[in-house]
Structure formats: structure tokens, C-alpha cells
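The first residue of the sequence shown is numbered 1, and numbering continues consecutively from there.
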Amino acid sequence: MKKLLLGNAAVARGLYEVGVRFVSAYPGTPSTEITEQAALYDELYAEWAPNEKVALESAIGASLAGARSFCAMKHVGLNVAADPLFTASYTGVNAGLVIAVADDPGMHSSQNEQDSRHYAVAAKVPMLEPSDSAECLEFVKAAYALSEEYDTPVLLRTCTRVAHSQSMVELSDRVEPPLKDYVKNPPKYVAAPANAVRRHVAVEDRTLKLQALAETTGLNRVEKGDGKLGFVTSGTAYLYVKEVFPEASVLKLGLVNPLPVETIRAFSETVERLIVVEELDGVIESHLRSHGIRVDGGKDLFGLLGELSQSKLKKAMGVALPESVAFDEPVPGRPPVMCPGCPHRGLFTVLSKLKLTVLGDIGCYTLGSAAPLTAIDSVVCMGASIGMTHGFTKVRPEAAKSTVAVIGDSTFMHSGITGLVNVAYNQGVSTVLILDNAITGMTGHQQNPTTGMTLKQQPTVAIRIEDVCHAVGFGRVRVVDPQDMQAVETALKEELAADEPSAIIVRRPCMLLKYVKPNPPLSVDPEKCKGCKSCMKIGCPAISFADKKASVDATICVGCGLCEQMCKFGAFEKKEG
């Protein structure tokens with residue numbers, strides 16, 4: 001049976017069909033739906049882990065126990081999981097272990113354009129790269145076969161376009177191998193130096209075998225065409241090449257680490273001009289050049305930035321582009337913005353008003369950096385806000401009275417707790433704002449350890465953030481409602497004035513959660529509105545300004561009341577009827 005599936009859903013289907021038993025992940029766009037889809041299969045145990053490192057460690061443990069195991073993450077998540085990845089390359093596996101990593105060229109929802117192929121090279125593990133949904137399923141199965149035959153974790157690299165596009169997939173029944181026996185083997189699995197020295201020898205031997213495989217595997221294939229022009233490519237770039245140059249010869253690489261040498265050399269000798277097409281870094285191109293294989297074009301044509309596309313490929317190759325169609329009027333921009341009623345808006349309005357230095361983090365609240373709030377000074381990576389605030393205020397002690405860290409509930413559980421421990425242990429005086437909106441918001445409402453519900457929607461312990469703060473040594477912990485801006489301002493002033501670290505838990509559930517009911521929308525009394533634009537400072541998309549008066553779009557207003565608190569003239573009122 002064939003079915004139209006998203007790339008992420010096809011990966012999950014592959015996990016089901018190949019008999020995977022254990023799935024662990026932390027949500028990260030564009031990888032999130034893999035785990036959500038996997039959780040729909042009763043035969044698969046699936047969970048949200050607190051972070052990617054824990055997810056991979058859990059999957060390694062399940063593999064050691066004899067079950068085919070899997071974890072998923074976005075590219076920056078692989079940074080978090082790098083520690084166990086590199087050592088798991090040495091220890092190898094028992095049952096198959098596959099790690100999906102989704103890169104984000106173009107940074108649609110990410111803070112960098114990291115190329116995860118470098119991790120495969122550095123960790124000396126094989127990496128497969130599918131081009132569409134059918135290959136997502138097929139390559140999952142191939143990855144488990146590689147993992148178990150060569151005693152190695154295997155990376156499966158996707159990207160935003162593969163993860164979030166659809167194509168036809170051939171479905172098969174599930175084939176679940178029995179659990180492999182667990183046999184104690186400390187020389188293999190205990191990564192002490194004396195053992196690791198010997199395991200490194202095994203890794204290098206495995207690499208040689210995988211390099212030989214790369215020359216013969218069907219994962220890499222030559223599509224013969226016009227001998228004047230040949231392309232070496234992989235992933236989504238392959239689809240662009242086939243669309244723009246259907247008659248050209250193509251060497252499509254599905255196994256992108258290790259890369260073949262003689263296969264590419266032989267292919268290069270069949271074409272007059274050899275072009276390497278790959279997104280982000282020139283990994284394939286560097287490989288060719290290092291082995292003396294001529295390259296007539298690569299990163300010099302396509303650059304290192306952003307996604308490729310058919311148009312970019314045509315332009316770089318000197319192919320005429322179709323005439324563009326101009327609209328009669330300009331299309332307005334749609335920058336990301338906090339939703340109407342977002343619980344973060346009141347907090348950032350106060351932070352902006354007080355002109356504090358705000359070291360931010362990764363989540364919906366990162367939008368607090370955008371105009372008109374412009375309340376965030378820095379964002380680096382998950383969990384960084386607390387550690388950065390500690391360092392900032394240690395170097396500038398006087399800044400402790402005007403500097404705060406901002407972090408969300410899920411991010412706090414991911415990697416914020418250790419920053420909090422560091423503040424308490426090293427006698428910092430940081431003020432930490434933990435924004436608890438009762439869900440992992442930015443990636444589409446996934447559960448986390450504070451919500452009391454698992455990925456499989458089973459009730460579980462809900463970790464109380466207040467208890468964590470007290471447990472690590474914070475004596476000053478308080479909870480405020482972000483929609484009460486005066487209470488937020490009072491709490492900030494009092495905690496910043498204290499000569500010890502403090503945590504303010506800013507708690508209100510995300511407005512988009514199904515159980516959160518909106519209030520009646522507000523309206524503006526034009527007689528009372530003085531056109532002062534104070535209400536515009538909160539950046540609510542439900543409020544607009546025209547003809548020197550504010551107005552409210554009742555179709556999206558949720559009646560949160562922040563605009564009422566901003567208006568000194570009482571112009572906002574509950575909409576009648």
C-alpha cells in the first residue's frame with residue numbers, strides 16, 4: 001500500500017516497520033514530528049526526554065539492553081548530545097541504534113546554519129541522507145542494518161525541506177526482531193582509557209570497512225545522462241538538480257559519510273564538467289579536492305549561506321530564469337510575533353519599561369527581542385541565559401541590580417537547572433525569571449517534565465519549578481502572573497534589590513492550549529482614546545492604529561486586558577454582545 005507522508009512521518013513509519021522498540025527525543029524543529037508520529041504506534045515506546053543528551057543516553061541504554069533504539073533532534077541538539085555520541089562510536093552497539101538529526105538551512109527556526117555532516121566525520125560514524133519521504137523510510141531500514149552489521153551508531157541526516165515535505169511511500173508490515181541477549185562485556189562497553197585505546201583500533205578498522213562499503217552500496221547510485229555535465233549531490237540538492245538538469249549525469253550520494261573515492265573518480269571521468277551541489281558547507285567538494293578529483297564548480301558557484309533552490313541553481317549555472325510576476329500591490333511582511341493573549345507579553349512590556357539588561361534564551365519568549373518590546377539583549381543557546389547572567393554580574397557586580405535572566409519552563413528543564421546550581425554554588429546574585437506557560441510552546445505544544453503528562457498522554461509526576469529552585473539553594477522564590485503587570489514590576493524591583501540570588505516564576509498557561517478559554521474581546525471607545533499610542537507598546541497583533549485612534553480586531557482578541565492596563569484614559573472596554 002502506498003501513502004502520502006511527510007518526511008518526518010516516513011521516518012517514524014520506518015521505525016515501526018524495522019521493529020524499533022524504544023524512541024527518545026527532545027522536540028526541536030524540524031525534527032519534532034518524528035517522535036510525535038512514532039508515539040502513535042502502540043508497539044513503540046516513545047518519550048520526551050529533558051534534553052538531547054539524555055535522549056541519546058537513554059537510547060544507548062536501550063540498545064545495550066538488546067532493543068533497536070532511536071533518538072531524534074535538530075542540528076543544535078546534536079551539540080548537546082555530542083558527548084555520548086563520540087563515546088558510543090567507540091563502544092559500539094548491541095541492537096541497532098540510529099540518531100536522526102534535522103538541519104535547518106535558511107534558519108527557519110534556528111539560531112545557526114550548522115552542518116551536521118561534520119559530526120559524522122568527527123565521530124567516525126556512518127551518516128545517511130535521504131532526499132524524500134520514500135527514502136526516509138528506506139534509509140531508516142538501511143541504517144539499522146548498517147548499525148548492527150558494523151557495530152556502530154548511525155546518523156540519519158534530514159533537513160527542513162525533507163522533514164516537512166510530502167511524497168509517496170510504500171508501506172510494509174512491521175518486522176520486530178527479538179531482543180538481543182545482553183552479555184556483560186566491560187572491555188567493550190566501559191569507556192575507561194585502557195579499554196578506549198583498544199576500542200579506537202576497532203573504530204578505525206570499522207571505518208576502513210565502511211569506506212569499502214561506500215564504493216559498492218546501492219545507497220550511492222550513478223544516473224547516466226549527458227556526458228557534458230555531471231553533478232555530485234545528495235539530499236534535497238539532488239531533487240533540485242534533477243528538476244533543473246534532467247538530462248545531466250548525476251552521482252547521488254545516500255551514504256554521505258564515509259564518502260566513496262573511486263566511485264566519484266570513475267564518475268568524474270565520464271563527464272566533461274563536474275559540479276558539486278550541496279547545501280551549507282563544502283563537505284563533498286572538500287572530499288573530492290583532497291583526493292585530487294577535479295571539481296569545476298562547487299561553493300564558488302553556490303556559496304555557503306542558506307538553502308538552495310531551483311532558482312538559485314539556475315542562476316549559478318547561468319540558466320535563464322522565468323520572468324517574475326509582479327503583484328499589483330506590495331505584499332506586507334509577516335514577521336513572527338507573540339500571539340494575542342501570550343503570557344510573555346506582559347512580562348516583556350515591564351522589562352522594556354524598566355530598561356533592564358535581559359539575557360534571554362530559546363523559546364517563544366525570544367520574540368521579546370523584537371520591536372516594539374525590544375527587551376532582550378542576547379540569546380545564544382538552550383539554557384545559556386542563567387549562566388550568562390551569572391558571568392555578566394560577576395564581572396559587573398553593579399549590574400546585578402539591573403540584569404535578569406529569562407528562560408522558559410521546558411528550556412529550564414532542558415539545561416537551565418545546572419545554570420541555577422552554578423549561581424547558588426558560586427554565590428552569585430542573579431535574578432532569574434522562569435516563564436512557565438505549562439507547555440513546550442515554540443515547537444508546537446509538547447509535554448515536558450513540568451506538565452504532568454507524558455508524550456503518550458499518560459499522567460505522571462509534574463516537577464514543581466519552585467521546589468527545584470529551593471532544592472539547589474535559592475532562598476528567594478516567588479510566583480507572579482504576567483498579566484498583572486504591576487505585580488510583575490513590584491516583584492522585579494524587590495528581587496533585584498536583594499543581595500542574594502532570586503527566582504521569579506512567571507506563571508500563566510499558553511493561550512493556545514485547548515483548556516485555556518479566552519475572555520470576551522475588548523473594543524475601543526473612540527471618544528476616550530486620545531491617540532497616545534501607549535497600547536501599541538505591547539505589540540499585540542489585535543491592536544492597530546489608524547486615523548489617530550486605536551482599534552481592536554475582535555476576531556483575534558482574547559481579552560487578556562494588557563491594553564487596559566496600558567491605557568490611562570480607560571478607552572478599552574469589554575465588547576458588548
Side-chain angles (χ1 to χ4, degrees), residues 7 28-31 73-80 82 100-123 125 127-131 155-165 220 229-245 248 250-261 264 268 273-319 321 362 379-381:
T29 307
S31 71
M73 60 202 67
K74 67 183 296 177
H75 60 290
V76 289
L78 190 53
N79 301 332
V80 181
V101 54
D103 286 3
D104 189 19
M107 295 181 283
H108 298 281
S109 58
S110 307
Q111 64 267 43
N112 66 35
E113 286 187 302
Q114 181 177 307
D115 191 327
S116 296
R117 291 177 295 175
H118 295 295
Y119 270 110
V121 174
V125 296
M127 173 180 272
L128 307 186
E129 185 175 6
S131 294
L155 287 167
L156 181 77
R157 182 196 188 217
T158 69
C159 66
T160 303
R161 296 299 170 187
V162 172
H164 290 163
S165 63
N220 302 327
L229 185 61
F231 292 94
V232 181
T233 188
S234 66
T236 51
Y238 162 76
L239 298 177
Y240 303 145
V241 167
K242 292 296 290 183
E243 183 171 337
V244 177
F245 296 99
V250 177
L251 171 53
K252 181 190 182 297
L253 298 170
L255 179 63
V256 294
N257 190 66
L259 288 165
V261 177
I264 298 175
S268 71
R273 189 181 181 200
L274 187 69
I275 307 294
V276 178
V277 184
E278 55 188 324
E279 287 187 320
L280 299 181
D281 296 339
V283 175
I284 299 172
E285 180 182 354
S286 296
H287 177 74
L288 270 63
R289 294 189 187 279
S290 70
H291 287 90
I293 300 173
R294 63 177 178 83
V295 177
D296 297 311
K299 287 297 143 184
D300 55 329
L301 291 174
F302 307 111
L304 297 166
L305 308 178
E307 290 184 296
L308 289 176
S309 66
Q310 299 91 329
S311 296
K312 287 183 179 180
L313 181 58
K314 286 181 178 180
K315 184 176 180 180
M317 294 294 294
V319 178
L321 295 172
I362 305 295
V379 174
V380 174
C381 66

Donor + acceptor pair across side chains of [X], [Y] (<3.5 Å):
| X | Y | result |
| --- | --- | --- |
| E307 | H108 | yes |
| Q114 | D104 | no |
| H75 | N112 | yes |
| S110 | K74 | yes |

To check you understand the geometry: which heavy-atom pair defines the closest contact between [X] and [Y], and what is its length?
| X | Y | result |
| --- | --- | --- |
| Q111 | V380 | NE2-O, 3.5 Å |
| P30 | A102 | CG-CB, 3.7 Å |
| V232 | I284 | CG1-CG2, 3.8 Å |
| C159 | P105 | CB-CD, 4.0 Å |
| M127 | A120 | CB-CB, 3.7 Å |

Within the structure provided, determine whether [X] and [Y] are in side-chain contact (heavy-atom separation under 4.5 Å).
| X | Y | answer |
| --- | --- | --- |
| V125 | N257 | no |
| K252 | S234 | no |
| I362 | V379 | yes |
| L239 | R161 | no |
| V101 | Y119 | no |
| C381 | V76 | no |
| F302 | M317 | yes |
| K312 | L301 | no |

Taking [X] for its side chain and [Y] for its backbone only, find out whether a donor-acceptor pair lies under 3.5 Å.
| X | Y | value |
| --- | --- | --- |
| T233 | V277 | yes |
| N79 | G77 | no |
| E243 | Q310 | no |
| S31 | G28 | yes |
| E278 | E285 | yes |

For L274 and F231, run side-chain contact (heavy atoms from CB on, under 4.5 Å): C-alpha distance rounded to whole Å, both residues' side-chain angles, the deciding distance at 0.1 Å, then the answer. CA-CA 6 Å; L274 187 69; F231 292 94; over 6 Å; no
With side-chain contact (heavy atoms from CB on, under 4.5 Å) as the test, would you mind laying out the steps for L253 and E129 before giving the verdict? CA-CA 8 Å; L253 298 170; E129 185 175 6; over 6 Å; no
Is the shortest distance from a Lys or Arg side-chain nitrogen in D281 or R117 to a carboxylate oxygen in the other one below 4.0 Å? no
Drop me the distance from [X]'s [atom1] to [Y]'s [atom2], to the nearest 0.5 angstrom.
| X | Y | atom1 | atom2 | value |
| --- | --- | --- | --- | --- |
| K315 | S309 | NZ | OG | 10.0 Å |
| S116 | L156 | OG | CG | 11.0 Å |
| I275 | L229 | CD1 | CG | 6.0 Å |
| M107 | T160 | CE | OG1 | 11.0 Å |
| Y238 | L308 | OH | CG | 16.0 Å |

Trace of the side-chain contact (heavy atoms from CB on, under 4.5 Å) decision for N220 with L259: CA-CA 9 Å; N220 302 327; L259 288 165; over 6 Å; no
Check the pair L304 / L280 against side-chain contact (heavy atoms from CB on, under 4.5 Å), numbers first and verdict last. CA-CA 5 Å; L304 297 166; L280 299 181; over 6 Å; no
